[in-house]
Each structure stands twice: as C-alpha cells, then as structure tokens.
Amino acid sequence: GLVFEAAFHLEARAFRRNAIAIVALAVPGVAVAIGATAGILALAGHVLPFISGFTFVHALVFSAAISATDPIAVVAMFKSLGAPKRLGVLVEGESLLNDGTAIVFFSMALGFLSGQHLSAPAAVLDFVRIVGMGALIGATVAFLAALALRQVDDAMIEITITTIAAYGSFAIAEQLHYSGVIATVVAGVVVGTYARGRGTSPSTRIAVETFWEYVAFALNSVVFLLIGFEVRVDALLASWQTILVAYAAMTVGRALVVTSVTTLLSRTRERMPWRWSVVMTWGGLRGALSMVLALALPKSFPSRETIITLTFGVVLLSLLVQGLTMAPLLRRLGVSASRADREEYERLTGIRRAAVAALDALSEMVRKGRVHDQVAAPIRKD
C-alpha cells in the first residue's frame with residue numbers, strides 16, 4: 001500500500017528526464033550503501049566492546065532493512081520552501097525505486113543466511129530475473145486496470161480497480177516467486193500516469209488520490225504503532241551507543257553513494273549542483289518501510305530484537321536530527337526560494353491554472369454546441 005501510493009503520485013515524464021540519476025542512486029547506489037554500512041558496522045564490532053557479537057551477516061540484514069529512504073516529509077518541505085522541482089523529483093523517484101531494491105536485497109540477505117549461497121554473477125542474474133519479471137507482471141496488471149478504468153467514471157469502482165492493481169500485482173508476482181514490490185511500483189506508476197491523463201475525470205481522480213493518501217497515512221500509523229509494541233524503552237536506552245554508531249554508518253554510506261553518483265554524472269545532461277548532493281545526503285530520512293522489514297524478521301532469527309531496536313533508534317534519530325534541521329540547511333545552502341518569490345510563483349501558477357481550466361471549459365461548451373466557435377475564438381486569443 002505504501003509503495004503503490006508513492007508510485008501512483010509520481011510524474012512519469014519528470015521521472016524519465018532524470019532516469020539515469022534516479023536508477024543509479026536507487027539500484028547500484030543502494031547496493032553500495034548496504035555494503036558500506038554493513039562493513040562499517042562489522043568493523044566497529046571488532047573494535048568497540050558494546051557491539052560485540054554483531055557479525056557482518058547481521059550487519060548486512062540490518063543495512064538492507066535501513067537502506068530505503070522515506071522522503072514524504074522532505075518533499076513536502078521542498079514544496080513549502082520553494083526548492084527546485086527537479087530536486088524533489090530526484091529524491092522522490094529515488095525513494096520509490098529504492099523501496100523495491102531494498103526489499104529485494106533484504107530477501108536475498110535472508111536467503112543467504114538460510115544457506116542459499118550464490119556466486120556474485122549468479123546473484124546478479126537472480127536479482128535481474130526477480131526484478132525484471134516483477135516489472136513485467138506489474139505492467140501487465142496495470143494495462144488491464146487501465147482498460148477497466150477507461151470503461152467507467154465512478155469513484156468507488158475506480159478506487160476498487162486501483163486497489164486490485166496494487167495488491168493483485170503484488171500477490172501474482174509473489175506467487176510466481178518474483179518481486180511483488182517491483183510489480184506494485186510499476187503498476188502504481190502506470191495506473192497513476194493513465195489516471196492523470198485521459199483515464200478519469202477530475203472529480204473522480206481527486207477521490208482516488210484522496211483515498212490512497214489516507215491509505216498511506218493509515219498504514220504509516222499502523223507501522224509506528226507496531227514498532228512501538230515491539231521495542232522496549234529500556235532496550236533502546238541500553239543500546240544508545242550502538243544506535244549512534246549505526247546511524248553514523250548509515251549516514252556515511254549514504255554520503256558515499258550520493259557523492260559518487262554526483263561525480264559520475266557531472267559531465268552528463270543529468271548533472272546536479274554539488275549543493276544538491278548535500279541536500280540529498282541529509283534528506284535521506286528513514287521511515288516506515290525500514291520498520292516493516294525489521295518486523296518481518298522471523299521470530300527465530302538470531303539478533304532479531306537487536307536489529308528491531310537498532311532500526312527504531314536509527315529511524316527516530318533520522319526523523320529528529322535530519323528532519324528538524326532540513327529547512328535551515330536548505331536556506332543556508334541557498335536552495336530554497338525567498339518568501340516573496342514563492343508568493344509570486346504561487347500567484348502566477350494560480351492564474352495559469354485558472355486560464356487553462358477556463359479554456360478547457362470553453363472548448364467543452366463549443367463541442368456541445370452551447371457556444372459558437374466564432375464567439376469562442378476571440379476569447380481564446382485574449
């Protein structure tokens with residue numbers, strides 16, 4: 001549900017224009033971040049006495065669980081502070097893809113722990129197969145959903161169709177042993193793009209979008225509630241040193257990935273200002289998905305309680321430290337617009353939207369014969 005809602009609201013055209021940067025951050029970037037975070041934690045386990053017993057394998061599972069970013073609060077802040085729209089697309093698009101990538105790597109790490117040892121080429125091929133077939137299944141389900149949406153214009157029915165597309169794509173892919181999350185991502189992007197195009201009327205589209213926003217809100221609330229039931233405050237306080245080390249390792253891994261991608265793209269059309277790399281590093285908050293993955297660990301998994309405690313602690317630090325300092329950082333780097341500029345932008349945007357809506361209404365009146373085209377022509381020119 002969380003993944004489909006994020007995919008449903010993503011603009012496919014903006015995503016395509018920044019596809020190389022987004023994919024680089026979300027696929028190989030996540031793999032590098034997982035490896036770097038796990039390596040730092042495993043090294044710390046040999047040096048620091050309070051992390052003893054936390055092996056590289058345990059660190060790998062934790063790193064995979066914590067690798068997905070949650071940009072909801074950051075993107076909302078970008079909009080309120082007038083940050084460049086492309087920066088928001090990069091952060092949101094990366095988060096959408098790295099959700100799926102993180103879950104696939106998390107599943108592979110658990111498989112490795114259970115004795116499914118694969119060579120590096122075999123692991124890469126397995127990853128491509130799982131992700132590729134998941135994407136194909138998601139696209140197929142989304143195509144069928146789009147055909148169904150074309151036949152109706154009723155909010156309740158269209159909400160039902162999108163729900164079937166979200167959970168149906170996941171269920172089918174999982175049943176066939178492919179990535180259900182990637183299937184859901186693709187289904188969400190395709191259905192959302194079609195709905196924003198000619199698939200639904202404006203009133204129906206608003207109803208569908210409002211429904212999925214509520215679903216995301218409810219699911220986020222449930223996840224935080226569940227993690228609250230699982231985590232003991234005394235365990236959290238007792239592990240504060242380990243949590244700080246894990247948070248530092250995660251931040252270093254994130255900085256390494258963002259800096260590498262920014263450097264590699266510096267001579268391409270998708271190059272990014274260096275100030276943006278600082279914002280994207282610090283804006284990589286962790287959220288609900290990380291806690292969902294931690295809670296999904298089997299009860300028999302060794303160090304399960306430790307990983308849940310670390311995950312909750314790192315997510316909490318991420319939200320408090322990075323979330324509360326994001327706005328001052330944007331202003332300090334000069335990435336956000338001034339208040340006067342934002343107000344002028346919003347005024348001009350409102351005028352443009354009103355003009356477009358008026359022209360659409362006029363064209364509809366001409367089509368239905370309520371207004372003669374000779375009367376409409378001078379109005380269009382004005």
Side-chain angles (χ1 to χ4, degrees), residues 6-7 10-41 43 60 63-64 66-71 74-75 78 83-106 108-109 120-121 123-132 135 179 182 185-186 189 248-286 289 318 322 326 329-330 332-335:
L10 184 70
E11 294 184 18
R13 187 179 303 174
F15 181 89
R16 284 196 299 269
R17 286 199 296 266
N18 298 281
I20 297 174
I22 291 172
V23 171
L25 287 166
V27 183
V30 166
V32 171
I34 291 172
T37 305
I40 294 170
L41 276 176
L43 183 62
L60 196 64
S63 302
I66 207 72
S67 61
T69 56
D70 186 351
V74 174
V75 171
F78 284 173
K85 187 175 180 181
R86 184 183 170 222
L87 180 58
V89 170
L90 288 169
V91 172
E92 194 168 11
E94 180 210 350
S95 171
L96 178 61
L97 281 190
N98 71 21
D99 281 356
T101 308
I103 292 172
V104 172
F105 275 117
F106 181 78
M108 292 175 71
V124 171
L125 288 175
D126 198 39
F127 177 81
V128 171
R129 178 183 62 83
I130 291 170
V131 170
S179 175
I182 296 297
V185 167
V186 174
V189 171
M250 179 201 74
T251 306
V252 171
R254 172 73 178 169
L256 177 65
V257 168
V258 174
T259 303
S260 300
V261 171
T262 304
T263 303
L264 291 172
L265 297 178
S266 61
R267 297 184 181 276
T268 70
R269 63 180 180 84
E270 293 190 21
R271 60 185 177 274
M272 298 174 283
W274 281 102
R275 289 178 299 174
W276 287 18
S277 64
V278 177
V279 173
M280 292 179 70
T281 298
W282 201 241
L285 277 67
R286 270 50 173 183
L289 184 64
S318 169
Q322 293 167 242
M326 199 65 212
L329 178 66
L330 288 171
R332 181 79 176 178
L333 294 174
V335 175

Can you confirm whether Arg332 is buried at CZ, in the sense that more than 12 heavy atoms of other residues, nucleotides or ligands lie under 6.0 Å from that atom? no
Give, for atom [atom1] of [X] and atom [atom2] of [Y], the distance between the pair rounded to the nearest 0.5 Å.
| X | Y | atom1 | atom2 | result |
| --- | --- | --- | --- | --- |
| Leu90 | Ile22 | CG | CD1 | 5.5 Å |
| Met250 | Thr37 | CE | OG1 | 8.0 Å |
| Ile20 | Arg271 | CD1 | CZ | 12.5 Å |
| Ile34 | Phe106 | CD1 | CZ | 10.5 Å |
| Arg275 | Thr262 | CZ | OG1 | 13.0 Å |
| Ile130 | Ser179 | CD1 | OG | 7.5 Å |

Could you go step by step and tell me if Arg86 and Met272 meet the side-chain contact (heavy atoms from CB on, under 4.5 Å) rule? CA-CA 10 Å; Arg86 184 183 170 222; Met272 298 174 283; 4.0 Å; yes
Within the distance-only criterion (no hydrogens, no angle test), does the side chain of Arg254 pair as donor or acceptor with the backbone N or O of Met280 below 3.5 angstrom? yes
Using every non-hydrogen atom in the two residues, find where [X] and [Y] come nearest and quote the distance to one decimal.
| X | Y | answer |
| --- | --- | --- |
| Asn98 | Ser67 | ND2-O, 4.4 Å |
| Ser277 | Val258 | O-CG1, 3.4 Å |
| Phe105 | Val30 | CD1-CG1, 4.3 Å |
| Ala249 | Leu41 | CB-CG, 4.2 Å |
| Ile66 | Arg286 | O-NE, 2.7 Å |
| Leu289 | Ala68 | CD2-CB, 3.6 Å |

